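Everything numeric here is computed off the predicted structure, so don't read it as measured data.
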Amino acid sequence: MPTEIRFGAFVREITVQQDRISYNNITPKIWRDAEGAEIPYRAPRIRLRAIDAYRLIKPYVSVRFMEQIRAVVPLAVYLMLFQWLILQQEILDAGIITAGLVAVIIGLMLFMEGLKVGLMPFGETLGTILPAKAHLNVVLLIAFILGIGVTFAEPAIGALKAAGQIVRVESAPYLYALLNDWSEVLVLGVGLGVGVAAVLGTLRFLYGWSLKPLIYLTLVPTLGLTLYLTTDPELHKTLGLAWDCGAVTTGPVTVPLVLSLGIGIAAAAGKGQSSLSGFGIVTLASLFPIIGVQLLAIYVSFATTPEAIIAGAEHSAALATVPAWYEQTPWVEIISGLRAIVPLVVFLFLVMRVLLKERFKHPGNIAYGITLTVLGMIVFNLGLTYGLSKLGAQSGSLVPASFMDIAAVDNDPLFSLALGLAIALGFAWILGFGATLAEPALNALGLTVENLTNGAFPKQVLIYAVSLGVGFGLALGVAKIVFDFSLAWLLIPGYALAILLTIFSTEEYVNIAWDSAGVTTGPVTVPLVLAMGLGFGDAMQAIEGFGILAMASIGPILSVLSTGLWIQWKVRRKHRRYDESMHVSETEEAAA
């Protein structure tokens, strides 16, 4: 129990044994020249010993380092222990994987710090100044281009490109073409979707539009295109990729930059004070990229044939030579890191200097932040190649040994069919639940929601609702690969139920639920789950292993909407009981 003391006693205690010194005693002495003019004081350069520098930097670095350790290490330890204790398999290339995971932690630490110091001020400044100096059409055009640029800068995009190396061209020609021959266009298609979402999100902030109609209008073409893709056996194989792309986009670059721009514009227009400001844009940035990839897949089907894609892949394999230096590690990671960040920075710089004619405040800090961002992206890419993706693919490829024969494991299946399937689905559920609990963005969302609902929706309830949704979503995604049924059988009923729950939910819970799907897919979770799903599918000789991330997105939407309706019912029941008790009291008083 805290000890209560009088304020007067507190003031007396803290003022005992204090020495008062004159300000004049700590200011430098005034020197004058021969003519009596004051000579400006120039402070001597601060000189630090190595131990002093270490003591200053240690608190700054350790907090940021520990944030990334909490996000990466528990998941890595879980996968390793599962592989070692349950599957009884050695961890291959353990030293390389460990070094890769350390690179992921350091890379993310540098990247996130650089993002806060260097790129985030860009978005905030643009959002504040743009409405005052540019027409609305120009503002929306810049928001659109920014949406495209941030997509290329997302760390998880690298994992999406790496997935193309696993897909077999004979099994899924269109999917192979999208991930290899059309990989840059694929990312551009995802970026166009984010750009459209940024424009609509900004307009929503400005005009106070409800999120519900935007969800309905966006899901109609999304589900319609999904049904169309299911009618073509080859296009159907691209469905998982399209829906997974929606999860890849809402990462640590897209959400803060686009959100800060939109909120800044709304605040500058005098409409940014709503309690729901900031919600909704993550939802739109998750749905529109799906449409972009679906339309690209349809275009590819008109532009070429499966036979031509297979023939082209075989011809390329026959002519395969030693890759050029810029296509080999570590140069490919360095170049991709530069290509992801530098064009975005150049665009923002040109907008600030040429269009807005604004000078940068604290240019040294911004340059320092951008340097950290680029360096962090490069280190993260290296860690992704050798750490996260390698570990996820290895663990995913061994899990099927629990219930079936695979080439990589002796004496399999390790368990009976029923027990093995339960272990595989339980593995996915625990991975999704644990990974979501470790997401720092979810804690921030939980605090916002608790304040927004005046405590009716507690932070812990939201965290567990989202985590349970992701856990069951991942388990369903693995079940889709195991039993080889269409992803559309899960997506269409799932989103139909989500629409039904949305209709009966209030605006604030709709915003919370649909945005909660975006915070679950961070830069660690996406590559790990993606690699695990593809490795799982590859071990089972499945056509493709996509779709797990898509299920991890719909799961929390359903769980949070359901929890919101339950909380709404509890609040209404409490109010009804209070009204009834007041009515009874008034009746008794009138009778007396």
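Side chain of Thr436 to backbone of Val470: no donor-acceptor contact under 3.5 angstrom is found. Between the side chain of Asp244 and the backbone N or O of Phe546 there is no donor-acceptor pair closer than 3.5 Å. One N or O on the side chain of Asp52 and one on the backbone of Arg49 form a donor-acceptor pair closer than 3.5 Å. Here the side chain of Arg32 pairs no donor or acceptor atom with the backbone of Ile39 at under 3.5 angstrom. Of the possible donor and acceptor atoms, none in the side chain of Ser397 sits under 3.5 Å from a partner among the backbone N and O of Phe536.
Atom CZ in Phe380 sits 9.5 Å away from atom OG1 in Thr385 (nearest 0.5 Å).
At a threshold of 4.5 Å between non-hydrogen side-chain atoms, the residues Trp84 and Leu79 do not count as touching.
Considering Thr373, Leu372, Val61 in turn, Leu372 is the only one that fulfils the side-chain contact (heavy atoms from CB on, under 4.5 Å) rule with Glu113.
No more than 12 heavy-atom neighbours from other residues, nucleotides or ligands sit within 6.0 angstrom of CD on Glu90. The environment of NZ in Lys58 is sparse: at most 12 heavy-atom neighbours from other residues, nucleotides or ligands sit within 6.0 Å. Remark: Tyr464 OH is loosely packed, at most 12 non-hydrogen atoms of other residues, nucleotides or ligands lying under 6.0 Å away.
In this structure, Lys133 and Leu356 approach most closely via the heavy-atom pair NZ-O, 3.2 Å. The two atoms that bring Ala198 and Ala143 nearest to each other are CB-O, 3.5 Å, heavy atoms only. Contact between Pro59 and Ser62 at its shortest, heavy atoms only, is O-OG, 3.3 Å.
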**OP:** Quick one: do Met551 and Leu474 satisfy side chain to side chain contact (heavy atoms under 4.5 Å, CB included)? Show the steps, please.
**Re:** CA-CA 6 Å; Met551 296 311 303; Leu474 284 190; over 6 Å; no
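Residues Phe433 and Phe472 place their aromatic rings such that the two centres sit no closer than 6.0 Å.
For Thr249 and Glu154, the side-chain atoms include no donor-acceptor pair closer than 3.5 Å.
Between Glu450 and Lys459, none of the side-chain N atoms (NZ, or NE/NH1/NH2) sits under 4.0 Å from a carboxylate O, so this pair counts as no salt bridge.
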